[in-house]
Amino acid sequence: QVQLVESGGGSVQTGGSLRLSCAASGRTFSRYAMGWFRQAPGKEREFVATITSSGGSTYYADSVKGRFTVSRDNAKNILYLQMNSLKPEDTAVYYCAQGATFGILSSRTSYDYWGQGTQVTVSS
């Protein structure tokens, strides 16, 4: 049974930084792409970033490109999202997800498993 547990959310001011973590268990972590999504109140869940199974390639939503960095530690089964220069519009619940395969996956439907989410609040 796959489990994804996010941590690291919190409240920061505009311009601040946070690092989210996602601890994975249940199947071979290094075989699958991982992604981050977010959902703001009243909005649909949207893609943030993805990383291939090896960690060799990444892809970002335009809204976070240059500010967020996704990475993974396949030895520890942990996915990270470093978020810098945070803006109020980044406020959302952030979810990690494990993909159905190993490549670049930016669609929600490409992900098999989801974490419970962690709240990020950015105040102006």
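As a basis for the values below, the full set of heavy atoms in this structure was taken, side chains included, without hydrogen atoms, waters or symmetry mates.
Crowding of Gln13 atom CD: a count of heavy atoms from other residues, nucleotides or ligands under 6.0 Å not exceeding 12.
No donor-acceptor pair closer than 3.5 Å links the side chain of Gln98 to the backbone N or O of Trp114.
The CZ atom of Arg38 sits 13.0 Å away from atom OH of Tyr95, with the distance rounded to the nearest 0.5 Å. With values rounded to the nearest 0.5 angstrom, Asn74 atom CG is found 8.0 Å from Ser54 atom OG.
Note: Phe47 and Tyr60 fail the aromatic proximity criterion, with ring centroids not under 6.0 Å apart. Separation of the Phe37 and Tyr111 ring centroids falls under the 6.0 Å cut-off.
Under the side chain to side chain contact (heavy atoms under 4.5 Å, CB included) rule, Thr14 has a single partner from Ser123, Ser85, Pro88, which is Pro88.
Judged by the 6.0 Å distance and 45° axis criteria, Arg31 is not positioned over the aromatic ring of Phe102. Judged by the 6.0 Å and 45° rule, Arg72 forms a cation-pi pair with Phe29.
In this structure Lys43 satisfies the side-chain hydrogen bond (donor to acceptor under 3.5 Å, both in side chains) test with no other residue, sequence neighbours excluded.
Here the closest non-hydrogen pair linking Leu18 and Leu86 is N-CD1, 3.9 Å.
Placement of Tyr80 and Met83 in two distinct hydrophobic clusters is found when ILVMFWY residues are connected by side-chain heavy-atom separations under 4.5 Å, directly or transitively.
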